[in-house]
Amino acid sequence: MPPERAGTEVRLRGVTRSFSGRTVLRDVTLDFAPGEFVALIGKSGSGKSTLLRAIAGLDDGVDGSGTIAVPDDRSVLFQDSRLLPWKTVLRNVVFGFRAPDAEARGRRAIADVGLAGREDAWPNALSGGEQQRVALARSLVRQPRLLLADEPFGALDALTRIRMHGLLFDLIRQRRPTVLLVTHDVDEAIKLADRVLVMDDGRIVLDRHVGLPHPRPKSDARFEALRTSLLAALGVSDDV
Amino acid sequence: MPPERAGTEVRLRGVTRSFSGRTVLRDVTLDFAPGEFVALIGKSGSGKSTLLRAIAGLDDGVDGSGTIAVPDDRSVLFQDSRLLPWKTVLRNVVFGFRAPDAEARGRRAIADVGLAGREDAWPNALSGGEQQRVALARSLVRQPRLLLADEPFGALDALTRIRMHGLLFDLIRQRRPTVLLVTHDVDEAIKLADRVLVMDDGRIVLDRHVGLPHPRPKSDARFEALRTSLLAALGVSDDV
Amino acid sequence: QPALPTQVPKGTKLVAADQNEALQTLMRASGAQDKLSSTVTYANFLGGPAILEAFRAGALDLASVGNTPPIQAHAAGERVLIVAARVSSETDYFFAARPGLKLATLEDLRGKSITYGEGTGRQPFVLNALKLAGLTKKDVKLVPLRAGDFPDAVRTGQVDVAALNEPHFSRYLADFADRGASALPSEQNRRLPKSLSYLYASQKALDDPAKAAAIREFVANWIDANRWSRSNADAWIDSYYVKRQNLKPADARKIVESEGDFSFPLLSSLIPKQQSLIDVIFEAGDLPKRLDAREEFDLRFDDVIGSKTN
Amino acid sequence: MTDTAGSNVYSPYLPQRGHESEPRPGAPAGALARKPSRLAFGRLPRGGILFGPVLLILVWEFASAIGWLSPKFLAAPSTALVTGYDLLVSGTLAEHFLASAKRAYLGLGIGVAIGLALALAAGLSRIGEASIDGLVQIKRAVPTLALIPLAILWLGIGEVMKIALIASSVMVPIYINTHAALRGIDLRHVELARSVGITRSEFLREVASPGALPGFFTGLRLAVTTCWTALVVLEQINTSEGIGYLMNRARDYGQTDIIVVGLAIYAALGLGSDLAVRFWERRALGYRKALNS
Amino acid sequence: MTDTAGSNVYSPYLPQRGHESEPRPGAPAGALARKPSRLAFGRLPRGGILFGPVLLILVWEFASAIGWLSPKFLAAPSTALVTGYDLLVSGTLAEHFLASAKRAYLGLGIGVAIGLALALAAGLSRIGEASIDGLVQIKRAVPTLALIPLAILWLGIGEVMKIALIASSVMVPIYINTHAALRGIDLRHVELARSVGITRSEFLREVASPGALPGFFTGLRLAVTTCWTALVVLEQINTSEGIGYLMNRARDYGQTDIIVVGLAIYAALGLGSDLAVRFWERRALGYRKALNS
Ligand SMILES: Nc1ncnc2c1ncn2[C@@H]1O[C@H](COP(=O)(O)OP(=O)(O)OP(=O)(O)O)[C@@H](O)[C@H]1O
Ligand SMILES: Nc1ncnc2c1ncn2[C@@H]1O[C@H](COP(=O)(O)OP(=O)(O)OP(=O)(O)O)[C@@H](O)[C@H]1O
Ligand SMILES: [Mg+2]
Ligand SMILES: [Mg+2]
């Protein structure tokens, strides 16, 4: 894995968001370095998706303040897979993707996520995990400079999940994107990310650099220690 | 936890299902004892949801054969949370629930899943995990004889998930329902279930009784052994 | 045929079809309504076809119409008979020529496009004009239109000639004088048949002695009321055109003047006239079969009409 | 689905009986009892839609036969059949039909195109909405009869005027339904489109149009009959051909058998074009059928 | 959203500029460049819908003033204003308006009720669909003008006949739109309903109706003007009061100013009722607005 480059790719200053009076993000200030892989964990309802959507610039109508600067070349993986039901799997993957060889790359991405042969299926006919993988393919095929992914592996079994992690690393190796990964899986966060943020009630309550070499076996003591401290920040004891 | 009672609560004989020629369930024959807690794991696309929907009697239009006998008094937790967008959280929870104190029980269930105060929110305004919890409350409040749950904790963080496990156990203690839990989390399956089924390509390839006393710490060697064998059946090595 | 009863029993009711509220206003303003011993209510319509349908459905006893609807009813096999007639000293319509076109005589209609309204009085009017000019339908281009569209068609030059009534005719000539609007000269117009309108009643009502008597009484009073409207033109204009129809007095006067004087001939004397009307329509190919005009009249009413004429 | 007291035996193709588990004593049977009910929307068997119309014709023929319905008001279907056959053989019917069809379908085509264009313009831009929407609301509130004088003034009394008025009537349901569907489009999809950074025209083609398609089809179902019904009035103006003209004339002369022939033509057109649109709709919206997870 | 070459500065309330990161050399800039475009559907500012109509009136007045549009064909808006004021003061207008409004809204109410009932019956049961759907398709294909003779025959020439015909016209868009919405209802929700075991009437009330509500509202938008436009024809029969009658009579006497007053009333009704329905719709479908995850 290449080290992060210097500079700031994503910059948030005093970002606050609230929905009809309920404050969901409280004064979030953050910088992501170019190429940095940041994992965001936190309790359900703590504001993770809200933060991700704010960074993606998808919250026009929402009350709030603060400034956000992000690159234009970004791709969003929504918490729901959000496929267009009237487009086949392939058309969903290359939707809005304007490379000259878009279709060929789309097919390759579909094969990568294990759905070769399902290119012409309707999204409604896919299983939950298959839909999620199509959404993943849609994001990966674009090779964005900034990837914002909201629980992209939530519906996947262990094996499929490991394969998808591999795909993500392939992308990182090739394009060095900045990644923000929202996940509820602490192990996954530690396994993948350079830096883990813990969010609670709209605030970043913990910001830890992982600093372990890849691959990172769970048996590693430093893995274990980081895990314990993250779980503690989430309010859980380790042996669960 | 009370032991399972004798008899057969759910009976499947030679159940086969296919979608436009693709066979998704292959000759599944299964019996669940009354009060048995069965976990179903398997790769994405292996047919878990299809089996659950068949047991729920929700696949009228699908090609297939075989017989299925299940109690009428059952509740289904879908893989998507499937809330009615025009009903508030409370109305969604008590939807179709005809107990005289339905509303009070609905409120209690909402509080149980950690959403007290959000009774009148629209489902669209909830976070992914919150929506999943509302769906859980909807199933639990009914105290069904047979609970069919399709990845009900997929979008939840560790802490929330533990709390939800607790709720499920409360229900089991009170009503001894038969439970079929589809999950992609092997640890969760071992932690909760009396029996774990592994599905692969439409077939039940492994059927193991857990036989451990509750609670079941991960550090227990028998836990670890079961885990290793289940992961092997899924094709994953343990340290991931 | 039994003689017309004259005794109107108490509680006899009549429903009369009106057009543009003219009949009811006439009867009320002239005071004739109060002299009726039956209860007459009015149903206001726009146009003959709807009135015929209402007759067919048994919703009407009596109607005031032009000269064509009785033929229409006859052709449709509906038994509605003429019980009174009113002839005016003027024609119903006037030929207006589109801006820039001049018509000196009826014969000039040759080769022109002319508005045509089947089922309305404008139909025999045009056909008669052609006949008098020695022309047939083939010598001109008849443009079927809804009556209401006639003025627009000629103003915009979509047709060469249109048969207009008042106030459209005068207003057209005045409004479009600058663009060369003109009309068939009035001495040519006098060659055409004069305006003829009817009261007609359903066979069913006429078969009912009480209603027949009430209709007889109505006819008598209707003749009085019409005479009143000529001798009290100002009161008539004010009570009908200005008050009820929202017309400007000047326009209203034009209309009343265009109607000329009224007379109420015996029905028997009208049979040849009606027959020639039928013939001209039939010859033009607009009737499925040749009809006998005698079947359209209830001649028992000549008795009461005769008593009013003198 | 066969429901029995405490157990539900389900078998899609083999109607054989599974085992029945006894009702458990502790279960709150009353509170949670499942009423057997089919809530899904089954599709009618082919031709099922004709059930109502055929029943109507039978009742009507019967009423005519026993004299409840005098042929003076309405000819019996059998009489109309004979008249219709005669008209057909003589070629009169085909002539009138073709004249009307030309007007109706030209008007339909133009009206659909305009309605769609306006709906897209109004649905996708503020300035479009501001300038178009109010005018369409006014247009549709004004009866066509009241528009005829203006149409004559600007377009004359020829075919252009008729086709324009048909198009303007057809445009209304297309606009309203498409516009409403556009406004009701799933915001999730709009967000997705924004997030992948597509152009306005791509958005139109790939998100807005498919999303609004169900609404468009509903509008089209209304439009395919509107274009014909509008003809009754319009074929009073400067025509001597057309189904509307035929009906008007028959009405003038009380030819109830011809009126019934006309009604039958309208009915056939109504059913036929509705079926055609729905067939097309089913194909275009085929993706809706599948359902999983 | 302010877009700059390689970076996107976003700030909802503070239009202050964030930092700009330099474009990264390796990034496939061309292929993935994001075109700035607003794809969301902004709501018009209050009264924005009047932009088009006001423009129309201004153009019309202007055309009248400079003589392009002769008052002989169409009175200027200002002339009509005077006439309208006179009619209003004299009470004539109110009288005619009330007469029409009574008919229109009675017919609307009845037609909406019937249309809804038929749509639900046809949308939720096979036998309902078989018996109802075909007949409604026929009914709507048959022009109202052709139905008038039958209506007169069965219902007379009074108000009942008129209200029945209005109701039958109003019924059509309500039926078609509600029925289409019912058939397009999200199968997921139907499944959920089946899985919780609700009764047919609960399904109707709690799933089918809310699910079909957007379609119903679209139908209602069409219906609120249909009920008025139908009056022009119907108020030729046995009436001496009503806006339709007023218009017809004005046409007879060539009173272009009164015709314009009538048009203005129709326009106001069209805009007003559409706004009313949309306001109601926005409230009833408020749940659609929120969007998360
Ligand atoms: N449109 C909205 N209107 C009102 N409240 C909202 C809206 N969107 C989000 N919220 C609330 O804001 C809070 C944070 O939501 P967010 O989606 O960011 O949570 P999250 O951390 O992503 O949770 P999860 O892990 O469950 O997805 C939640 O309590 C949610 O209910
Ligand atoms: N309606 C359908 N039409 C066609 N194929 C379908 C349909 N529903 C499911 N399938 C296919 O059947 C297979 C099994 O689907 P199922 O939903 O049972 O998987 P699953 O085990 O639940 O997967 P996941 O963990 O991803 O939810 C999948 O490959 C899916 O694409
Ligand atoms: Mg979230
Ligand atoms: Mg599944």
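Sequence lines set the chain letters: A, B, ... in the order given, protein chains first and strands last, and positions in each chain run from 1.
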Original post:
With a 4.5 Å limit on heavy-atom distance, are the side chains of Phe97(B) and Val196(E) in contact?
Top reply: no

Original post:
Taking 4.0 angstrom as the limit, do Arg53(B) and Glu191(E) come out as a salt bridge?
Top reply: yes

Original post:
Looking at Trp86(B) and His189(E), what are the two nearest heavy atoms and their distance?
Top reply: CH2-ND1, 3.6 Å

Original post:
Is any side-chain heavy atom of Thr199(E) less than 4.5 Å from a side-chain heavy atom of Arg98(B)?
Top reply: yes

Original post:
If you take all heavy atoms of Ser195(E) and Leu58(B), which pair is closest and at what distance?
Top reply: CB-CD1, 4.2 Å

Original post:
Hey, is the main chain of Gly286(E) close enough, under 3.5 Å, to the side chain of Trp122(B) for a donor-acceptor pair?
Top reply: no

Subject >> Residue part contacting chain E, namely of Arg91(B), when any heavy atom lies under 4.5 Å >> reply: neither

Original post:
Is there a side-chain contact (heavy atoms from CB on, under 4.5 Å) between Leu192(E) and Arg138(B) once you walk through the steps?
Top reply: CA-CA 11 Å; Leu192(E) 171 69; Arg138(B) 179 169 60 199; 3.3 Å; yes

Original post:
For Leu83(B), is it the side chain, the backbone, both, or neither that has a heavy atom closer than 4.5 Å to a heavy atom of chain E?
Top reply: backbone

Original post:
Which pair of heavy atoms, one from Ile198(E) and one from Phe95(B), lies closest together, and at what distance?
Top reply: CD1-CZ, 3.7 Å

Subject >> Under 4.5 Å from any heavy atom of chain B - which part of Glu202(E) >> reply: side chain

